[in-house]
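Here is how names work: the chains are called A, B, and so on, in the same order as the sequence lines, proteins then strands, and each is numbered from 1.
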There are 2 protein chains.
Amino acid sequence: MARKLDHLIDTLQQAETLEALQARIIALRDFFEVEHLVYHSVNAAGGQYAALTYSDDWVQRYIHSNYDRIDPVVQGAYSRFGFVDWKTLDWTSKSVRAFREESAAAGVATQGLTLPMRGPTGQFAIFTVNTCTSDAEWSRFADRSKQDILLVASLVNEKALELEGAIEAAPMQSLSPREKDSLTMLALGLNRSASAEKLGISEHTLRVYIESARFKLAANNTTHAVARAVALGLILI
Amino acid sequence: MARKLDHLIDTLQQAETLEALQARIIALRDFFEVEHLVYHSVNAAGGQYAALTYSDDWVQRYIHSNYDRIDPVVQGAYSRFGFVDWKTLDWTSKSVRAFREESAAAGVATQGLTLPMRGPTGQFAIFTVNTCTSDAEWSRFADRSKQDILLVASLVNEKALELEGAIEAAPMQSLSPREKDSLTMLALGLNRSASAEKLGISEHTLRVYIESARFKLAANNTTHAVARAVALGLILI
DNA sequence: GGCACCCTCCCCATTTTTGGGGAGGGTGTT
DNA sequence: AACACCCTCCCCAAAAATGGGGAGGGTGCC
């Protein structure tokens with residue numbers, strides 16, 4: 001068993017194309033003996049990549065209908081640390097129930113475990129294991145497999161980012177300390193005069209920082225700049 | 001060997017206090033047979049927690065001098081995916097060389113492997129293994145131990161966040177769809193009139209959404225509301 | 001020593017945002 | 001059916017942000 005996984009990991013690390021990665025995902029699904037395996041990554045620029053075993057039809061409908069906006073798995077994984085068991089998510093609202101029914105009809109099973117992963121500049125990915133066993137069996141499976149899933153998910157993420165060239169492409173517009181300070185004050189809800197006072201500089205000076213930060217972040221206005229800085233993890237609030 | 005690690009992981013998961021976590025870090029350092037092990041976490045509120053084996057003196061000096069601003073390990077880990085070998089970092093600049101000399105004097109070894117980990121709302125943590133072996137030996141160690149380090153780092157991070165209460169602290173106000181839409185448009189850099197046009201509603205109506213979102217988020221102004229919504233993961237940009 | 005980048009300060013007119021009010025119809029839950 | 005919440009529209013005056021300009025001193029890197 002452990003041998004088999006090691007071998008799969010080896011072949012995973014040797015993948016040279018995104019297509020090959022897709023094939024590895026299928027092999028891994030078979031190894032874990034589950035219904036579906038999903039890797040889905042969104043980078044800072046909004047580009048997406050997925051390697052998964054759902055039907056093409058469902059994927060198309062999902063994208064087309066912007067289901068990521070209501071999918072509790074995505075919402076939950078996005079706002080949590082570590083593994084998310086689908087059981088712990090809120091499936092009660094009407095639109096979510098409709099979504100779940102539609103996904104079930106498309107072959108998505110009921111038991112799921114999703115691991116969120118994050119990179120610099122807002123890169124975000126999830127790795128999901130999906131199956132249809134009983135609660136008791138699922139619980140045993142989850143306990144037993146979390147370590148393996150963590151390992152596999154990390155390797156898939158690393159490989160996908162490598163193949164996407166995302167690792168090299170980390171120019172990371174860096175803001176100067178004062179620019180960060182200024183955006184942070186604004187992000188905390190202070191207006192310009194209060195921010196300037198708190199930083200001990202004139203409001204005019206503050207504006208220079210905001211302007212240069214706005215320029216670096218290619219933002220249209222202050223709110224845009226703050227939103228980007230927060231999303232990119234450049235400032236913490 | 002594997003047995004020993006499993007046992008350490010068990011005791012790690014049973015830790016009930018941050019002090020106990022510190023003790024586990026020391027035990028793990030001994031297990032890995034390295035000089036130092038460092039876990040350092042910064043949460044969204046700017047609060048910090050560390051469990052590490054560096055000398056108190058060095059930690060104090062590090063904090064007091066804001067060395068995180070020049071430490072290439074922190075900077076490198078912050079802007080990369082996955083493991084960072086200290087060899088691959090840039091140690092050439094003047095201030096960095098001075099920093100490295102000072103750290104070496106404080107007992108920090110030369111070989112290092114650092115794993116960045118990220119959570120929602122900008123939470124960021126690093127887990128570092130530090131030792132002083134030869135390049136060849138270090139390379140073997142790194143290859144052999146990466147999987148274990150990944151596992152341990154994830155568990156330490158999870159435990160630290162649990163003990164800090166960061167996981168519970170997800171009160172997560174819910175915004176109505178239109179409120180989210182409105183904030184999203186603003187976060188994307190559109191002004192009110194453009195946002196309203198894009199959403200197909202009047203600017204007045206848009207304002208109502210922004211106001212109610214602002215109220216729900218306890219935000220002082222629009223920028224604050226957008227920053228909070230992004231940081232809380234309520235809107236994706 | 002020169003270059004790049006950061007920090008700090010200032011002005012003006014125009015555009016945008018904000019605060020706080022009111023009002024009607026729709027939908028989902030209990 | 002009642003209640004809560006959501007969606008939509010509108011007015012006005014005051015406050016804040018924006019666009020784009022210029023200028024000097026400091027620090028670190030090649």
Side-chain angles (χ1 to χ4, degrees), chain A residues 69-70 90-99 171-227 234, chain B residues 66 69-70 72 75 90-99 173-187 189-227 234:
Chain A
R69 301 236 156 187
I70 55 170
D90 179 15
W91 299 89
T92 56
S93 97
K94 197 182 174 187
S95 57
V96 170
R97 281 202 310 273
F99 164 75
M172 174 73 95
Q173 46 277 67
S174 70
L175 300 176
S176 80
R178 279 319 223 184
E179 287 161 354
K180 285 187 198 178
D181 290 342
S182 302
L183 291 187
T184 301
M185 291 303 123
L186 297 175
L188 291 173
L190 283 68
N191 64 16
R192 294 206 302 207
S193 64
S195 299
E197 191 178 358
K198 192 137 192 171
L199 294 177
I201 56 179
S202 80
E203 188 176 332
H204 306 289
T205 304
L206 185 89
R207 284 187 58 193
V208 176
Y209 300 142
I210 298 170
E211 284 295 294
S212 60
R214 202 163 62 75
F215 186 73
K216 284 183 183 175
L217 295 169
N220 297 335
N221 52 45
T222 302
T223 299
H224 193 191
V226 169
L234 296 173
Chain B
N66 281 119
R69 296 220 167 188
I70 55 170
Q75 299 300 321
D90 179 15
W91 298 90
T92 55
S93 95
K94 195 179 172 187
S95 57
V96 170
R97 281 200 312 272
F99 164 74
Q173 0 259 358
S174 72
L175 299 176
S176 80
R178 280 317 223 185
E179 287 162 355
K180 285 187 196 177
D181 289 343
S182 302
L183 291 187
T184 301
M185 291 303 124
L186 298 175
L190 283 67
N191 63 16
R192 294 206 302 206
S193 63
S195 299
E197 190 178 359
K198 192 137 194 171
L199 293 177
I201 57 179
S202 80
E203 188 177 332
H204 306 289
T205 304
L206 184 90
R207 284 189 57 194
V208 176
Y209 301 142
I210 298 170
E211 284 295 293
S212 59
R214 202 164 62 76
F215 186 72
K216 285 184 183 175
L217 295 169
N220 298 335
N221 53 44
T222 302
T223 299
H224 193 191
V226 169
L234 296 173

Atom [atom1] of [X] and atom [atom2] of [N]: how far apart are they, to the nearest Å?
X	N	atom1	atom2	answer
B/F215	D/dC5	CZ	P	12 Å
A/H204	D/dG19	NE2	P	17 Å
A/L206	C/dC10	CG	P	13 Å
B/E203	C/dT17	CD	P	7 Å
A/H224	D/dA17	NE2	P	19 Å
A/I210	D/dG19	CD1	P	11 Å
B/I70	D/dT27	CD1	C1'	14 Å

Please examine the side chains of B/L206 and B/S182, heavy atoms only from C-beta on, and report whether any two atoms are closer than 4.5 Å.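 Heavy-atom side-chain distance check passes, below 4.5 Å.
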Do the side chains of B/L175 and B/L183 get nearer than 4.5 Å, heavy atoms only?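 The answer is yes; the side chains approach within 4.5 Å.
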Do B/V96 and B/D90 pass the side chain to side chain contact (heavy atoms under 4.5 Å, CB included) test, and can you show the C-alpha distance, the side-chain angles, and the key distance before you say yes or no? CA-CA 9 Å; B/V96 170; B/D90 179 15; over 6 Å; no
Going by side-chain contact (heavy atoms from CB on, under 4.5 Å), name the residues that satisfy it together with B/T184, two or more places apart in sequence or in a different chain.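 Testing B/T184 for side-chain contact (heavy atoms from CB on, under 4.5 Å), a comparison that skips the adjacent residues, returns A/R69, B/L188, B/I235.
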Check whether any side-chain N or O of [X] sits under 4.0 Å from OP1 or OP2 of [N], and answer yes or no.
X	N	value
B/Y209	D/dT8	yes
B/S202	D/dT8	no
B/T205	D/dC9	yes
A/K216	C/dC6	yes
A/T222	D/dA17	no

Find every protein N or O atom lying less than 3.5 Å from an N or O atom of nucleotides 24-29 of chain C, and list the pairs.
| unit_1 | atom_1 | unit_2 | atom_2 | d |
| --- | --- | --- | --- | --- |
| C/dG28 | OP1 | A/K94 | NZ | 3.1 |

Around atom CD of B/E197, are there more than 12 heavy atoms of other residues, nucleotides or ligands at under 6.0 Å?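 12 or below, so no.
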Separation between OG1 of A/T223 and NE2 of B/H224, rounded to the nearest 0.5 Å: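 One gets 12.0 Å once the value is rounded to the nearest 0.5 Å.
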Nearest-0.5 Å distance, CG of residue B/D181 to CD1 of residue B/I201: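 Rounded to the nearest 0.5 Å, the CG-CD1 separation comes out at 8.0 Å.
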Donor-acceptor pair, B/R214 side chain versus B/A219 backbone, under 3.5 Å?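 Such a contact is found between B/R214 side chain and B/A219 backbone.
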Just by distance, do the side chain of B/N220 and the backbone of A/L190 share a donor-acceptor pair under 3.5 Å?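 Between the backbone of A/L190 and the side chain of B/N220 there is no qualifying donor-acceptor contact (under 3.5 Å).
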For B/S95 and for A/L186, find the nucleotide of DNA chain D with the closest heavy atom, then tell me which residue's nucleotide is more 5'.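 Upstream on the strand: A/L186.
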Between the protein and nucleotides 19-23 of chain C, list the N/O to N/O atom pairs that are separated by less than 3.5 angstrom.
| unit_1 | atom_1 | unit_2 | atom_2 | d |
| --- | --- | --- | --- | --- |
| C/dG19 | OP2 | B/R214 | NH2 | 2.5 |
| C/dG19 | N7 | B/R207 | NH2 | 2.6 |
| C/dG19 | O6 | B/R207 | NH1 | 3.0 |
| C/dG19 | O6 | B/R207 | NH2 | 3.0 |

